[in-house]
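Data first, discussion second: the structure below is written as structure tokens.
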Amino acid sequence: MIKRLKYVSQSSTPMTDDEVEAIGRVSAENNRHRGITGVLVEASGVFFQVIEGPHEAVDALLDHIQRDPRHREVLVLSTMSNCGSRLFPDWAMKTVRVGNDDVRAEAIKLLLQTAIEARNRVTTLSRGIERIVWGEVARG
Ligand SMILES: Cc1cc2nc3c(=O)[nH]c(=O)nc-3n(C[C@H](O)[C@H](O)[C@H](O)COP(=O)(O)O)c2cc1C
């Protein structure tokens, strides 16, 4: 059984084709040794990545990726722990850069940014709720 994880994030600074390509190349090299496969999409500064492989390898990679200063606001969209098969068995990390000149790119970018905004709204809301609850607790 393998684990499959999907996340979105935002690049810290605008990236060149070469920089995105370099992330994909190093990723594919590393992933091949660790039994990890998947896809990495970059659309106007927003990343979407699917990572699949042995549980420990996926967990360790996520930990690594979350610390990478080249992107921020890593939002895990879904985690499936007991997948019977891989979605991308032949891709150690297929990297796709979606250009600005394409109507599909706009749709993908909008979707990814909406996911990030939704997370930010939930975070603000839950902080507000926490403050109210702690206020109640403090007042007894
Ligand atoms: C958006 C994004 C996706 C990444 N995906 C992977 C990946 O699939 N596999 C991988 O080994 N590193 C990936 N990295 C790079 C890691 O964060 C890290 O730089 C890399 O594993 C090299 O680590 P090392 O210097 O310890 O070998 C990604 C980085 C970014 C910004």
Side-chain angles (χ1 to χ4, degrees):
M1 287 289 178
I2 60 149
K3 183 169 184 172
R4 182 181 308 126
L5 191 143
K6 300 174 189 168
Y7 76 80
V8 287
S9 66
Q10 272 182 326
S11 67
S12 307
T13 54
M15 284 196 178
T16 63
D17 283 350
D18 284 352
E19 285 169 324
V20 175
E21 198 261 329
I23 292 175
R25 186 167 19 86
V26 171
S27 298
E29 266 167 37
N30 289 343
N31 294 351
R32 222 166 263 126
H33 300 299
R34 298 174 185 146
I36 291 198
T37 52
V39 65
L40 172 65
V41 178
E42 193 275 352
S44 306
V46 180
F47 288 109
F48 169 70
Q49 190 170 25
V50 179
I51 300 168
E52 49 190 16
H55 286 224
E56 312 74 54
V58 170
D59 290 344
L61 178 57
L62 177 66
D63 192 52
H64 227 80
I65 287 175
Q66 280 174 326
R67 293 163 200 264
D68 195 313
R70 288 173 289 184
H71 66 164
R72 56 193 167 80
E73 300 198 55
V74 176
L75 164 64
V76 176
L77 299 174
S78 78
T79 311
M80 287 178 70
S81 285
N82 292 310
C83 304
S85 63
R86 292 174 189 258
L87 287 177
F88 310 105
D90 302 326
W91 293 348
M93 192 49 63
K94 171 84 169 171
T95 304
V96 184
R97 189 162 210 211
V98 190
N100 289 325
D101 49 349
D102 188 330
V103 68
R104 283 173 305 176
E106 280 309 307
I108 291 169
K109 189 181 148 192
L110 197 65
L111 184 67
L112 299 182
Q113 279 176 342
T114 304
I116 288 172
E117 280 160 20
R119 192 270 299 264
N120 289 345
R121 250 178 265 131
V122 170
T123 305
T124 309
L125 198 65
S126 65
R127 283 199 188 123
I129 292 170
E130 264 173 42
R131 267 201 299 275
I132 292 167
V133 171
W134 285 120
E136 294 289 327
V137 170
R139 277 194 291 276

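Indexing begins at 1, ligand by ligand and atom by atom, following the structure's order.
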Presence of salt bridge, R119 and E73, under 4.0 angstrom =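 Looking at R119 together with E73, the answer is yes, because their closest N to O distance falls below 4.0 Å.
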Counting distance only, does the side-chain N/O of R86 pair as donor-acceptor with the main-chain N or O of R4 below 3.5 Å?
->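 Here the side-chain-to-backbone pair does not exist.
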Regarding [atom]: of the candidates [options], which has the closest heavy atom?
{"atom": "atom 2 (C) of ligand 1", "options": "Y7, F48, F47", "value": "Y7"}
{"atom": "atom 22 (C) of ligand 1", "options": "T37, I23, N31, N30", "value": "N30"}
{"atom": "atom 5 (N) of ligand 1", "options": "Q49, M15, R72", "value": "Q49"}
{"atom": "atom 13 (C) of ligand 1", "options": "S12, S27, G24", "value": "S27"}

Who are the salt bridge (charged side-chain N to carboxylate O under 4.0 Å, His left out) partners of R72, not counting sequence neighbours?
->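 If we apply the salt bridge (charged side-chain N to carboxylate O under 4.0 Å, His left out) test to R72, skipping adjacent residues, there are no hits.
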Are V41 and L75 linked, directly or through other ILVMFWY residues, by side chains that come within less than 4.5 angstrom of each other?
->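 The answer is yes; both residues are in one hydrophobic cluster.
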State plainly whether one hydrophobic cluster holds both V74 and I116, where clusters connect Ile, Leu, Val, Met, Phe, Trp and Tyr through side-chain heavy atoms under 4.5 angstrom apart.
->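 No, separate clusters.
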Take every heavy atom of R34, measure it against each atom of ligand 1, and state whether any distance is under 4.0 Å.
->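 Per 4.0 Å heavy-atom rule, R34 contacts ligand 1.
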Could you tell me whether ligand 1 has any atom less than 4.0 Å away from a heavy atom of I51?
->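 For ligand 1, residue contact (heavy atoms, under 4.0 Å) with I51 is absent.
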Protein non-hydrogen atom found under 4.0 Å from atom 25 (O) of ligand 1 |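 It does not: no protein heavy atom is found less than 4.0 Å away from atom 25 (O) of ligand 1.
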Starting from atom 10 (C) of ligand 1, which protein heavy atom do you reach first, and at what distance in Å?
->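 Checked against all protein heavy atoms, atom 10 (C) of ligand 1 sits closest to L61 CD1, 3.4 Å.
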Got the closest protein heavy atom to atom 16 (C) of ligand 1, with its distance?
->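 Checking every protein heavy atom, the shortest distance to atom 16 (C) of ligand 1 gives D68 OD2, 3.5 Å.
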Can you tell me which residue pairs pass the side-chain hydrogen bond (donor to acceptor under 3.5 Å, both in side chains) test with a partner in residues 56-67, sequence neighbours excluded?
->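 Sorted pair list: K3-D59, D63-R67.
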Atom CD in E42, atom CD in E21: separation rounded to 0.5 Å?
->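 One gets 13.0 Å once the value is rounded to the nearest 0.5 Å.
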Going by the order shown, which atoms of ligand 1 are within less than 4.0 Å of some heavy atom of [X]?
{"X": "M93", "answer": "8 (O)"}
{"X": "H64", "answer": "17 (O), 18 (C), 21 (O), 23 (O), 24 (P), 26 (O)"}
{"X": "R70", "answer": "15 (C), 19 (O)"}

If you take all heavy atoms of A57 and R34, which pair is closest and at what distance?
->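 Looking at all heavy atoms of both residues, the shortest contact is CB-O, 3.8 Å.
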Answer yes or no: does an N/O atom from H71 fall short of 3.5 Å to an N/O atom of ligand 1?
->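 Between H71 and ligand 1 (N or O atoms, distance only) the closest approach is not under 3.5 Å.
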Under 4.5 Å between any side-chain heavy atoms of M15 and R97, yes or no?
->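 Yes, at least one pair of side-chain atoms sits under 4.5 Å.
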